[in-house]
Amino acid sequence: MSKLRVAVLGAQGRIGSEAVRAVEAAEDMELVAGLGRGDKLETLVEAGAQVVVELTNPGAVMGNLDFCVRHGIHAVVGTTGWTDERLAQLRTSLAASPGAGVLIAPNFSIGAVLTMRFAQQAARFFESVEVVELHHPKKADAPSGTAARTAQLIAKAREEAGCAPQPDATSTALDGARGADVDGVPVHSVRLRGLLAHQEVLFGGEGETLTIRHDSLHHSSFMPGILLGVRRVVNTPGLTVGLENFLDLG
Ligand SMILES: NC(=O)C1=CN([C@@H]2O[C@H](COP(=O)(O)OP(=O)(O)OC[C@H]3O[C@@H](n4cnc5c(N)ncnc54)[C@H](OP(=O)(O)O)[C@@H]3O)[C@@H](O)[C@H]2O)C=CC1
Ligand SMILES: O=C(O)C1=N[C@H](C(=O)O)C[C@H](O)C1
């Protein structure tokens with residue numbers, strides 16, 4: 001069986017360097033390129049890359065994906081900063097290149113994906129919900145892509161269940177004190193030396209609370225998800241948002 005020809009964009013970064021090692025160690029994959037800032041994207045074509053793992057930054061990801069899609073290269077994307085407008089733009093370019101597949105995974109770790117699923121399930125049973133995400137201080141974006149997605153999924157589940165708006169009597173507050181409002185769910189971002197990537201989803205109801213917490217303690221937590229994404233995206237044309245789509249969670 002021929003090996004999947006994989007390239008990593010952001011190959012010298014925190015997660016990109018770990019992804020390079022994971023692809024090199026995977027028996028069914030061959031690392032054909034590892035590119036950083038300033039490297040030419042044409043290298044991907046010259047190297048015959050079938051799948052690109054995109055782990056750069058929100059300022060670079062759209063241009064990189066546009067190139068990949070135009071050249072029929074599949075992509076597994078961990079980079080954050082996704083908005084409805086960006087997703088629409090990507091769908092438009094994918095429509096012009098029907099064979100190409102793109103997976104956008106706000107989080108590749110199984111624990112984080114399950115956190116999102118459990119939060120979605122719990123959402124309709126509690127009056128109150130807030131998300132706290134905690135990351136290393138070199139992180140560029142806030143809130144994290146995972147927290148934004150978690151809040152969106154919770155908000156959708158609450159809306160579908162006809163939940164009333166959350167109780168909150170705050171009438172005066174310092175800027176930011178109640179966090180960012182993501183579809184009506186407050187999201188609080190902590191940046192702290194010593195941390196990597198952590199999230200708590202706090203639910204509150206009459207006389208009880210439920211906390212769902214996940215901790216990524218090392219970048220290795222993201223690697224099985226990245227490799228799964230690479231294996232599945234080659235047979236999944238179009239746009240897939242969320243690794244859960246490849247996990248048969250039911
Ligand atoms: N989905 C998930 O599970 C995860 C997602 N992430 C996300 O991945 C992204 C990267 O995170 P992290 O590794 O911590 O960040 P880093 O800053 O450590 O790494 C990003 C790397 O990309 C490089 N880069 C910048 N622009 C380009 C470009 N145009 N082409 C190729 N390489 C480029 C950077 O180079 P330079 O240093 O010169 O700028 C840097 O080496 C973030 O958006 C983060 O949120 C992170 C962990 C898990
Ligand atoms: O920048 C990070 O480190 C991470 N980014 C992703 C995010 O923004 O959700 C995934 C994980 O939290 C690590």
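Fair warning: this is a prediction, and the values are worked out from it, not measured in the lab. Just follow the structure's listing: the first ligand is 1, and inside any ligand the first atom is 1.
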What residues, two or more places apart in sequence or in another chain, satisfy side-chain hydrogen bond (donor to acceptor under 3.5 Å, both in side chains) together with S128? none
Is there a heavy atom of K138 sitting under 4.0 angstrom from any atom of ligand 1? no
Is P106 in contact with ligand 1, taking contact as a heavy-atom separation below 4.0 Å? yes
Please report which non-hydrogen protein atom sits nearest to [atom], along with the residue it belongs to and the distance in Å to one decimal place.
| atom | answer |
| --- | --- |
| atom 1 (N) of ligand 1 | A105 O, 2.9 Å |
| atom 6 (N) of ligand 1 | G78 O, 3.8 Å |
| atom 38 (O) of ligand 1 | R37 NE, 3.1 Å |
| atom 15 (O) of ligand 1 | R14 NH2, 3.5 Å |
| atom 19 (O) of ligand 1 | G13 CA, 3.3 Å |

Looking at non-hydrogen atoms alone, which of [options] comes nearest to [atom]?
| atom | options | answer |
| --- | --- | --- |
| atom 48 (C) of ligand 1 | V8, L196, I15 | I15 |
| atom 28 (C) of ligand 1 | P58, A60, A19 | A60 |
| atom 9 (C) of ligand 1 | N57, V76, T80, T56 | T56 |

Can you pull every nitrogen or oxygen pair between ligand 2 and the protein closer than 3.5 angstrom?
{"residue": "ligand 2", "atom": "1 (O)", "partner": "K139", "partner atom": "NZ", "Å": "2.9"}
{"residue": "ligand 2", "atom": "3 (O)", "partner": "H136", "partner atom": "NE2", "Å": "3.0"}
{"residue": "ligand 2", "atom": "5 (N)", "partner": "K139", "partner atom": "NZ", "Å": "3.1"}
{"residue": "ligand 2", "atom": "8 (O)", "partner": "K139", "partner atom": "NZ", "Å": "2.7"}
{"residue": "ligand 2", "atom": "8 (O)", "partner": "G145", "partner atom": "N", "Å": "2.8"}
{"residue": "ligand 2", "atom": "9 (O)", "partner": "G145", "partner atom": "N", "Å": "3.2"}
{"residue": "ligand 2", "atom": "9 (O)", "partner": "T146", "partner atom": "N", "Å": "2.8"}
{"residue": "ligand 2", "atom": "9 (O)", "partner": "T146", "partner atom": "OG1", "Å": "2.5"}
{"residue": "ligand 2", "atom": "12 (O)", "partner": "H135", "partner atom": "NE2", "Å": "2.6"}

Do E160 and K156 sit within salt-bridge range, that is, some charged N less than 4.0 Å from a carboxylate O? yes
In plain terms, say whether R149 and E244 are close enough for a salt bridge, that is, a side-chain N and a carboxylate O under 4.0 Å apart.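 Result for this pair is yes, salt bridge flagged.
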With ILVMFWY side chains joined below 4.5 Å, transitively, what does L153's cluster contain besides itself?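 Direct or chained contacts put L153 with M116.
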For K139 and ligand 1, does the shortest N/O to N/O distance drop below 3.5 Å?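 Yes; the residue has a nitrogen or oxygen that sits under 3.5 Å from a nitrogen or oxygen of the ligand.
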Measuring only between side-chain heavy atoms, which start at C-beta, is S220 closer than 4.5 Å to E18? yes
Tell me, please, which residues at least two apart from T211 pass side chain to side chain contact (heavy atoms under 4.5 Å, CB included). E200, L202
Is it the case that over 12 heavy atoms from other parts of the model lie below 6.0 angstrom from the CD atom of E24?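 Check passes, neighbour count above 12.
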For ligand 1, indicate whether the residue F108 contacts it via side chain, backbone, both or neither (heavy-atom separation under 4.0 Å).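 It is both parts that get close, each with some atom under 4.0 Å.
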Same apolar cluster: L228 and L55, side chain cutoff 4.5 Å: yes
